[in-house]
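Structure record follows, encoded as structure tokens.
Computed over heavy atoms, backbone and side chain alike; hydrogens, waters and symmetry mates excluded. Every chain is numbered from 1, with letters handed out A, B, ... down the list of sequences.
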Amino acid sequence: MRIATWNVNSVRQRLPHLLDYLGKAAPDVLCLQELKCVDDAFPRAEIEAAGYRSAVHGQKGFNGVAILTRAEPLEVRIGLPGDEGDVQSRYIEAVMAGPAGPVRVASIYLPNGNPPDTDKFPYKLGFMDRLIRRASELIQAEDCFVLAGDYNVIPEPRDAYDAAAWTGDALFLPDTRRRFRTLLNLGLTEAVRATTDAAGVYSFWDYQAGAWQKDRGIRIDHLLLSPRAADRLRSAAIDKHVRAADKPSDHVPVRIDLG
DNA sequence: ATGGCAGCCCGAGGCTGA
């Protein structure tokens with residue numbers, strides 16, 4: 001089973017790239033973030049013509065997450081437990097049938113949290129606390145699951161071109177990274193780091209300052225695997241070439257293959 | 001040279017993102 005995650009930075013702007021990716025990478029499950037549209041504006045028909053169903057949690061103008069699947073999900077769940085009253089669309093889960101039993105997949109758009117001296121930062125940390133609780137529940141239930149998405153977390157210095165430049169940024173502050181480690185310490189495996197120790201492996205390059213041309217990126221899109229999913233991990237890859245397209249997203253897809 | 005972008009909104013520049 002191939003599972004990918006991609007922050008598309010507007011699904012309507014990125015529709016040609018998205019359809020191209022579905023055709024070429026042929027994921028069984030594709031988690032999307034930053035749809036930037038309401039459910040009714042989601043290009044469901046075009047995606048269906050490409051052979052995929054869409055579970056969508058949209059929002060006007062900002063945020064928005066979806067899970068595209070070849071097969072019909074056994075179950076879809078919108079929102080993180082505990083975020084009732086939160087108007088931001090940042091979390092959706094789908095449970096897929098698989099040869100080795102069901103796999104639960106979450107598409108996550110974790111808040112950016114900048115500037116850190118505003119209420120945006122505690123909102124980010126609160127979201128992470130709810131995500132930790134959800135992951136903990138699923139671990140205890142011994143689910144096979146993958147938490148995929150734009151975490152807006154630079155886990156370690158080697159995950160940034162210039163880590164010093166990120167000191168004090170919500171993506172790299174100790175409170176943020178501590179919670180990311182708490183998540184891992186539940187027993188989750190970060191897929192890319194399970195397959196390479198290399199520095200300079202990025203999933204995001206800013207539109208500004210020629211960041212792409214200079215390969216000044218950061219790695220903030222992650223797939224976290226439960227123990228049962230990690231046992232089945234065959235490979236992980238970042239589709240860096242996607243960033244070189246015309247009018248690209250500032251993020252590229254990250255994908256895994258489970259046996 | 002230390003800045004350089006790209007979406008959204010219901011229509012222009014302000015907000016947001018990372």
Side-chain angles (χ1 to χ4, degrees), chain A residues 5-18 21 31-43 56-66 86-91 107-128 131 148-177 179-180 192 199-222 238 240 242-254:
Chain A
T5 179
W6 190 12
N7 177 325
V8 287
N9 187 19
S10 170
V11 69
R12 290 177 293 177
Q13 290 296 319
R14 227 60 64 199
L15 184 59
H17 306 68
L18 173 59
Y21 187 75
C31 299
L32 299 178
Q33 301 88 35
E34 275 209 272
L35 307 178
K36 294 189 169 180
C37 70
V38 294
D39 292 10
D40 286 346
F42 188 86
V56 182
H57 183 27
Q59 183 185 328
K60 186 175 179 175
F62 301 103
N63 307 319
V65 287
D86 188 343
V87 296
Q88 301 194 28
S89 301
R90 295 181 174 275
Y91 189 90
S107 179
I108 301 164
Y109 181 40
L110 212 142
N112 174 307
N114 281 307
D117 60 351
T118 66
D119 55 5
K120 293 186 177 194
F121 191 54
Y123 173 68
K124 174 179 195 153
L125 298 181
F127 186 98
M128 295 187 84
L131 182 60
D150 176 0
Y151 278 74
N152 272 314
V153 176
I154 301 167
E156 298 178 63
R158 61 179 166 166
D159 298 312
Y161 172 77
D162 179 9
W166 293 91
T167 306
D169 191 284
L171 278 63
F172 196 56
L173 277 170
D175 280 342
T176 302
R177 292 162 61 199
R179 280 168 176 78
F180 190 76
V192 166
V201 177
Y202 308 132
S203 65
F204 169 92
W205 295 260
D206 201 289
Y207 288 123
Q208 301 184 67
W212 166 246
Q213 289 74 11
K214 296 173 183 171
D215 197 23
R216 297 185 176 184
I218 51 178
R219 198 173 67 87
I220 56 176
D221 299 271
H222 310 297
I238 298 185
K240 184 175 181 178
V242 170
R243 186 64 176 76
D246 271 347
K247 303 291 281 178
S249 169
D250 38 10
H251 297 250
V252 297
V254 185

Integer angstrom distance from the [atom1] of [N] to that of [M]:
N: B:dG7; M: B:dA18; atom1: C1'; answer: 14 Å
N: B:dG14; M: B:dG4; atom1: P; answer: 16 Å
N: B:dC10; M: B:dC15; atom1: C1'; answer: 16 Å
N: B:dA1; M: B:dA12; atom1: P; answer: 39 Å

Verify the contact: side-chain N or O of [X] to OP1 or OP2 of [N], cut-off strictly under 4.0 Å; return yes or no.
X: A:R14; N: B:dG7; result: yes
X: A:S10; N: B:dA6; result: no
X: A:Y109; N: B:dT16; result: no
X: A:K36; N: B:dA6; result: no
X: A:N152; N: B:dA18; result: yes
X: A:K60; N: B:dC10; result: yes
X: A:N7; N: B:dA18; result: yes
X: A:Q13; N: B:dC8; result: yes
X: A:N112; N: B:dG17; result: no

Just call it for A:K214: base, sugar-phosphate, or nothing, with non-hydrogen atoms closer than 4.0 Å on any strand.
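Result for A:K214 = base.
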Touch check for A:N63, heavy atoms < 4.0 angstrom, all strands: base, sugar-phosphate only, or nothing?
nothing
For [X] versus [Y], what's the shortest heavy-atom pair and its separation?
X: A:V65; Y: A:Q33; result: CG1-CG, 4.1 Å
X: A:G58; Y: A:D39; result: N-OD1, 2.6 Å
X: A:R243; Y: A:W212; result: CG-CE3, 3.2 Å

Interatomic distance, A:R216 CZ vs B:dG3 P [rounded to whole Å]
13 Å
Quick one: which of B:dG4, B:dG7, B:dT16 gets closest to the side chain of A:K120?
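The listed nucleotide nearest to A:K120's side chain is B:dT16.
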With respect to the side chain of A:L171, which nucleotide from B:dA18, B:dG4, B:dG17 is positioned closest?
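In terms of side-chain proximity for A:L171, the closest of B:dA18, B:dG4, B:dG17 is B:dA18.
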Starting at the 5' end of DNA chain B and moving along, which residue's nearest nucleotide shows up first, A:R12 or A:Q208?
A:Q208
Test applied, side chain to side chain contact (heavy atoms under 4.5 Å, CB included); reference residue, A:I220; option that passes from A:V254, A:D150, A:N7, A:V153:
A:D150
Do the side chains of A:V8 and A:H17 get nearer than 4.5 Å, heavy atoms only?
no
